[in-house]
> 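Could you have a look at this structure, given as structure tokens, before my questions?
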Amino acid sequence: MIYTHTIGRIGNDCQTITGAHGTFIAVDMAVDDYSKGQNITTWVRVRSSRENHIRLAEYLTKGRLILVEGTISNSLWTDRQGESHIQVSINADSIAFVNAGKRDEQEGNPKQAAKKGAKAKNTPKPPMDTQEPDEKDLPF
């Protein structure tokens, strides 16, 4: 068994599925990695039959950043054109929202967003560091 902690963005809204073996959720998550000068995205299917995760389903919406902990597995499947694909899946023990603080101004109350914008305009900004770092000071 391989246990993983993975952070990624939800690709589509979560699905709640009721079948012969009970109710569970399924959501696809895009996990980004930077390797050899390129950004690589791996799609991971997250599944869970835990009651607290099923209640979370309405909040697991497209674009949200989540942390998933659980056991990882993969399966091989063939599409209609006969090409083979590997589906990476996580059976979630824990799902947590990352940066789940206050929402963006566009999504919140317009009156509160206006107040927030007014406060932001009156807040002094720290001075920018104008010196360029010396190449000798760089850690790499």
Side-chain angles (χ1 to χ4, degrees):
M1 171 181 359
I2 300 173
Y3 199 81
T4 184
H5 303 265
T6 306
I7 295 176
R9 291 214 179 267
I10 297 174
N12 287 319
D13 292 350
C14 182
Q15 300 174 359
T16 303
I17 302 163
T18 303
H21 300 289
T23 302
F24 66 96
I25 62 165
V27 64
D28 291 325
M29 176 174 76
V31 179
D32 289 330
D33 191 17
Y34 189 78
S35 178
K36 298 179 183 176
Q38 294 183 358
N39 194 20
I40 299 169
T41 301
T42 303
W43 286 94
V44 178
R45 169 75 43 100
V46 177
R47 296 183 180 128
S48 178
S49 59
R50 294 180 181 236
E51 184 63 33
N52 59 337
H53 295 163
I54 293 169
R55 285 181 290 192
L56 268 182
E58 66 182 290
Y59 303 104
L60 296 171
T61 56
K62 183 177 180 177
R64 303 274 320 246
L65 190 62
I66 58 173
L67 166 67
V68 178
E69 299 177 15
T71 55
I72 193 166
S73 63
N74 59 41
S75 59
L76 185 64
W77 61 279
T78 306
D79 64 12
R80 292 180 182 162
Q81 288 77 28
E83 295 181 36
S84 295
H85 300 277
I86 296 175
Q87 173 68 57
V88 180
S89 300
I90 297 175
N91 188 11
D93 289 332
S94 172
I95 299 174
F97 294 102
V98 179
N99 295 333
K102 294 183 179 180
R103 294 205 150 212
D104 293 339
E105 292 177 8
Q106 299 170 354
E107 296 178 20
N109 184 347
K111 290 181 182 178
Q112 289 178 347
K115 288 179 186 177
K116 193 177 194 181
K119 286 181 183 177
K121 290 177 186 174
N122 295 335
T123 305
K125 294 184 180 178
M128 299 278 295
D129 188 10
T130 57
Q131 294 181 344
E132 292 286 325
D134 188 16
E135 287 185 62
K136 295 176 188 172
D137 294 335
L138 296 177
F140 46 88

> Between the side chains of Thr61 and Asp13, does any donor sit under 3.5 Å from an acceptor?
no
> Please check if Val44 and Ile25 belong to a single hydrophobic cluster, counting links between Ile, Leu, Val, Met, Phe, Trp and Tyr side chain heavy atoms closer than 4.5 Å.
yes
> Please determine whether side chain to side chain contact (heavy atoms under 4.5 Å, CB included) holds for the pair Phe97 and Leu67, giving the CA-CA distance in whole Å, both sets of side-chain angles, and the decisive distance to 0.1 Å.
CA-CA 6 Å; Phe97 294 102; Leu67 166 67; over 6 Å; no
> To the nearest 0.5 angstrom, please state how far the CG atom of Leu65 sits from the CG atom of Asn99.
6.0 Å
> Kindly check if the number of other-residue, nucleotide or ligand heavy atoms within 6.0 Å of CD1 (Ile86) is above 12?
no
> Is a salt bridge present between Asp93 and Arg50, judged by a nitrogen-to-oxygen distance below 4.0 Å?
yes
> Ile2, Val68: one ILVMFWY side-chain cluster at the under-4.5 Å cut-off?
yes
> Would you call Thr41 and Val31 a side-chain contact if the rule is heavy atoms closer than 4.5 Å?
no
> Measure the spacing between CD1 of Ile17 and CZ of Arg47 and express it to the nearest 0.5 Å.
8.0 Å
> Dump the intermediate steps for side chain to side chain contact (heavy atoms under 4.5 Å, CB included) on Ile66 and Ile7, then the final yes or no.
CA-CA 6 Å; Ile66 58 173; Ile7 295 176; over 6 Å; no
> What is the distance from atom CH2 of Trp77 to atom CD of Glu83, rounded to the nearest 0.5 Å?
9.5 Å
> Roughly how far, to the nearest 0.5 Å, is the CG atom of Asn39 from the CG atom of Asp33?
8.0 Å
> Answer yes or no: is there a side-chain heavy-atom contact under 4.5 Å between Ile72 and Tyr3?
no
> Any chance you could measure Cys14, atom SG, to His53, atom NE2, to the nearest 0.5 Å?
10.5 Å
> Taking it one step at a time, do Ile90 and Thr6 satisfy side chain to side chain contact (heavy atoms under 4.5 Å, CB included)?
CA-CA 9 Å; Ile90 297 175; Thr6 306; 3.7 Å; yes
> What's the shortest heavy-atom distance between Ser48 and Ala92, and which atoms?
OG-O, 3.7 Å
> Taking the side chain as every heavy atom from C-beta outward, state whether Met29 and Trp43 have any pair of such atoms under 4.5 Å apart.
no
> Here's a test for you: under side chain to side chain contact (heavy atoms under 4.5 Å, CB included), which of Val27, Leu60, Thr23 qualifies with Thr16?
Thr23
> For His85 and Asp79, run side chain to side chain contact (heavy atoms under 4.5 Å, CB included): C-alpha distance rounded to whole Å, both residues' side-chain angles, the deciding distance at 0.1 Å, then the answer.
CA-CA 8 Å; His85 300 277; Asp79 64 12; 3.0 Å; yes
> In chain order, what residues pass the ring-ring contact (aromatic ring centres under 6.0 Å, His included) check against His21, with sequence neighbours excluded?
none
> Shared ILVMFWY cluster between Leu56 and Ile54, side chains joined below 4.5 angstrom?
yes
> Any side-chain heavy atom of Asn52 within less than 4.5 Å of one from Ile95?
no
> Salt bridge or not between Arg45 and Asp28? Use side-chain N to carboxylate O under 4.0 Å.
yes
> Cation over ring, Arg64 on Tyr59, under 6.0 Å and within 45°?
no
